[in-house]
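Worksheet for the structure shown next.
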Amino acid sequence: MAQVPDKPSLDGLEDKWSKVWEAEGTYRFDRTATRERVYSIDTPPPTVSGSLHVGHVFSYTHTDTVARFQRMRGKAVFYPMGWDDNGLPTERRVQNYYGVRCDPSLPYDPDFRPPEEPPKQALAVSRRNFVELCDGLVKQDEEKFEELWRHLGLSVDWGMTYTTIGRESQRISQRAFLRMLARGEAYQAEAPTLWDVDFRTAVAQAELEDRETAGAFHAIRFRKADADGDRPDDYVVIETTRPELIPACVALVAHPDDERYQPLFDSQVTTPLFGERVPVLAHALADPEKGSGIAMICTFGDLTDVTWWRELRLPARPVVGWDGRLRGDPPVAHWSERAIAAYGELSGKTVKQARERIVELLREHGDLLADPKPVTHAVKFYEKGDRPLEIVTTRQWYIRNGGRDVALAHALLERGRQLHWYPSYMRARYESWVEGLNGDWLVSRQRFFGVPFPVWYALDDDGEPDYDHPLVPSEDALPVDPSSDVPDGYTADQRGRPGGFVADPDVMDTWATSSLTPQIACCWEDDADLFSRTYPMDLRPQAHEIIRTWLFSTVVRANAEFGDLPWRDVAISGWVLDPDRKKMSKSKGNVVTPMGLLEQYGSDAVRYWAASGRPGTDTAFDEGQMKVGRRLAIKILNASKFALGAIGDGAPGGPDAVTEPLDRALLAVLADLVDEATAAFESYDYARALERSERFFWGFCDDYVELVKQRAYGVAGEDAAASARATLRLALDTLLGLFAPHLPFVTEEVWSWYREGSVHRSAWPDPAPLRAAAGTDVLVDTYPVAAGVLGAVRKAKSEARRSMRADVDRVVVYDTADRLTALAAALDDLREAGRVAVVETVVADTPAVEVELAEPDAA
RNA sequence: GGGCGAUUGGCUCAGAUGGUUAGAGCGCCGCCUUCACACGGCGGAGGUCGGGGGUUCGAGUCCCUCAUCGCCCACCA
């Protein structure tokens, strides 16, 4: 046991205790615990290709308070940390950091070293070299992240970290994929796909966002095919924001009930400039209110085009290539020379350039009927992208997620209802997402730093891959990299040869791996013993904006593999907002670094701010709250120091020593507080638990400690002193326990002054002994009434501008008979604390306190 | 367009299942160098709870409606 310091301080507690916790294995998971004793947490693996900001500190603190609570409740807490280093964000960071780009056609260079300074022109490196650079950089990042988390005091078992690009994750990710493939839940299809032209990869519905973008309506005339003159009546006018797609036009479409266009249905028109004959068709999705009420269908301008194209069984005339430029060859072979020349004006241009050029051409030909009408409209973007998405037909892998299967969608909605949501209203986001799915989950990405699809294709005699019968490895061979590993029955030299094989070139989307974090953390199939003790997990903590991605996809995977939920509870945390109510921005987050805050205010203080944010609620970034937290932590040091000084070195009395009515009343109130804090934590309301504990604690310091101070020193005799000391000891133990999940450093520091072991391994406060000490006949009001009178005495002294030590001649308390009876037992304490000579009580309907101060000393 | 959430003193927030004069903290003002705490303590001023209507003996707390803000979702040519 350590000494109580003369001058307790918060400085250095983080270093001191994080070292001790590491050395003692305080947070190590007990692998012998059976499932019902385990509390397992599916911690979000932070993206390491960036920096941790205060938003991370905020939400990870929430989870940590819950972990600490459950640990004190006697659970073996399974709380591993993962690092999400897989995927595009890491690729982008590596490209910028080293000034390189990946060129998969290059051979591996084992001696490659990145340049000291990033070159102006990005250096092309092989895929394997690129992946090695990624691996190296993420390791550096992960070390920094771990340091911050330790400083913050996350009670993670640091012996159990995983990374989403690690071997284990790749194995589990590939295994889960192969099983879905075998069950028909994963499939590939060649279909129109949302495509980012800068990243040159397909993207999934979950990664889309709409952005208001400036555009313009162009009124364009299409000549009726059977027109014999050049009268206005010979034309149909459409309005479009994408005139550059006219060469990709395959039909016009109007609503079946639209009388303006009914006569035209099934007739033909010709496209301007290109003279292609296309039909006029009817479809209910066409909106008579929009534009001129008739639209051109192109392959493909937007998702509605895809629907029309599919349902009306139209031909495809794609013009936009993978690079976002118009393709070199015209989409139709039989075009006239004039049409081919017109297309030649567009080919090779970006979509934007082509649009400008075709508008000029249309104007020259008189097919543009008016100046373009500027509009602002919502356009789909990849959430990490800079240019609007195009729709390109490609072969991709999909996982069934209910987007094309009503029965599966219902099953997943049902899973959502089985899950316990905290706060409960967050479930609405899950449901609206599932109900709005418009296709299966596209999981393949044409990128490099990710988990490869464990698949090869046999090449026929012409060297064409047989996509319908993919070659797969056995599970015990996983993980595989098909670009270097060879499928069973083939030799390496058959790669790419007719009659040989070829690797699937794609990697899985990040979410395809992170949707398996419960399986990865719990070591599915790789450690059956651990898995049986930890899975399905107890808690998924996460932010609300990734309900549609991370949460939903995790449910999809667990439902497919195990027919069950991956966890019982989900706790949704809010965002950190700037003081001006905007989501905390990256730039802002870099100005205010988490480590700077932790050093300035102390980790407990920053945790206090975080833990004050109620579950699911966006919270303003507020250094003022950190100051308050720091003050609370210091108060805990000092109040504990006093309490321990008053208790003295002798063995503390147990509950039996508590005899004084005021002491018994305090413990009764404290027992209620324990119940309230426990209930709050059980429903993940760490903020409520903190707020109630804090409120009690300040009253405890201001009122109770002041009331019993003199008695504890012995002015009222040994028994009365022993009662106060035993109560102080019980209250101190209890309060440290209640605060331990929120303020782990200061509570551990105080605990070490007078107890063995860690407060974080001690039992969560139990109200039963407190109630036993209070007794069944306790007058609970004794404490609040006495505290109220003491407050009135203080107020009188303060208003008289006198010292709190000033003497008081007489106090008269007016109150109800019951409350005065409760107060009676604490009158001696009240006189000592307030330096009051005489206290009188008068039964009255209206409570009041009269205070007569003594004359100040003439001196 | 649909849905969810929020709207309480200058600021940031509490106010379970409706019930005495609506609570904190910050900031502000004043006082107190008190033997746990000057990285302090004590006290004060300051809101009638976004607007309107309703239910009720009684509403910040339930219902309706409007407004503003934020977020989620949606096949916006």
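So you know, we letter chains A, B, ... as the sequences are listed, proteins then strands, and number each from 1.
- Using a 4.0 Å heavy-atom criterion, one finds that A:R630 contacts the bases of the nucleic acid, with or without backbone contacts as well.
- Aromatic ring centres of A:H742 and A:Y608: separated by at least 6.0 Å.
- Dashed line: the shortest gap from a side-chain N or O of A:K795 to OP1 or OP2 of B:G44 is under 4.0 Å.
- Base contact: A:I634 has a heavy atom under 4.0 Å from a base atom.
- The side chain of A:E676 lies closest to B:A16 when the candidates are B:A77, B:A16, B:G41.
- Between A:K7 and B:A38 there is a side-chain N or O to OP1 or OP2 distance below 4.0 Å.
- A close approach under 4.0 Å does occur between a side-chain nitrogen or oxygen of A:K709 and OP1 or OP2 of B:A36.
- Whole-Å rounding puts the A:L312 CG to B:A77 C1' distance at 14 Å.
- Among the heavy atoms of the strands lying under 4.0 Å from A:S432 are primed sugar atoms or P, OP1, OP2 only; no base atom is included.
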Taking it one step at a time, do A:E545 and A:W575 satisfy side chain to side chain donor-acceptor pair (under 3.5 Å)? CA-CA 9 Å; A:E545 82 275 18; A:W575 283 337; 2.9 Å; yes
When Watson-Crick pairs (N1 to N3 and N6-O4 or O6-N4) and G-U wobble pairs (N1-O2 and O6-N3) count only below 3.5 Å on both distances, what is the dot-bracket string of RNA chain B, with | for other-strand pairs? (((((((..((((.....[...)))).(((((.......))))).....(((((..]....))))))))))))....
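- Out of B:C72, B:A38, B:A77, the shortest distance to the side chain of A:R429 is found at B:C72.
- Which of B:C4, B:C39, B:G43 sits closest to the side chain of A:Y425 comes down to B:C4.
- The closest side-chain heavy-atom distance from A:Y422 to A:P615 is not below 4.5 Å.
- Of the side-chain N and O atoms in A:Q205, one or more sit less than 4.0 angstrom from OP1 or OP2 of B:A74.
- Taking the six-membered ring for Trp, A:H283 and A:F265 have ring centres at least 6.0 Å apart.
- Considering only the side chain of A:T240, B:A77 comes nearest among B:A77, B:U12, B:C73.
- Between A:R548 and B:C73 there is a side-chain polar atom (N or O) within less than 4.0 angstrom of OP1 or OP2.
- Side-chain contact check for A:R242 versus A:V351: some heavy-atom pair is nearer than 4.5 Å.
- Dashed line: the shortest gap from a side-chain N or O of A:H377 to OP1 or OP2 of B:A77 is under 4.0 Å.
- B:A36 and B:G44 have their C1' atoms separated by 26 Å, with the value rounded to a whole Å.
- In this structure, of B:U12, B:A77, B:A14, it is B:A14 that holds the atom nearest to the side chain of A:R692.
- At the heavy-atom level, A:C298 lies nowhere under 4.0 Å from the strands shown.
- Nearest nucleotide to the A:A378 side chain, out of B:C76, B:G15, B:A77: B:C76.
- For A:Y608 and B:C13, the shortest distance from a side-chain N or O to OP1 or OP2 is not below 4.0 Å.
- Ranked by how close their nearest RNA chain B nucleotide is to the 5' end, A:A286 and A:R805 are led by A:R805.
- Aromatic ring centres of A:Y430 and A:W421 lie closer together than 6.0 Å.
- Candidate nucleotides B:U12, B:A36, B:C72 were compared by shortest atom distance to the side chain of A:W575, and B:C72 ranks first.
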Dump the intermediate steps for salt bridge (Lys or Arg N to Asp or Glu O under 4.0 Å) on A:D685 and A:R688, then the final yes or no. CA-CA 5 Å; A:D685 198 345; A:R688 185 184 179 89; 5.2 Å; no
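- Side-chain proximity of A:E691 to B:G43, B:A14, B:C37: nearest is B:A14.
- In this structure, A:F58 has its ring center at least 6.0 angstrom away from the ring center of A:F621.
- Nucleic acid contact for A:G436: sugar-phosphate only, since backbone atoms but no base atoms lie under 4.0 Å from a heavy atom of the residue.
- Nearest to the side-chain atoms of A:R631 among the listed nucleotides B:G5, B:C32, B:G25 stands B:G25.
- Residue A:A620 places its side chain closer to B:U12 than to any other of B:G43, B:A36, B:U12.
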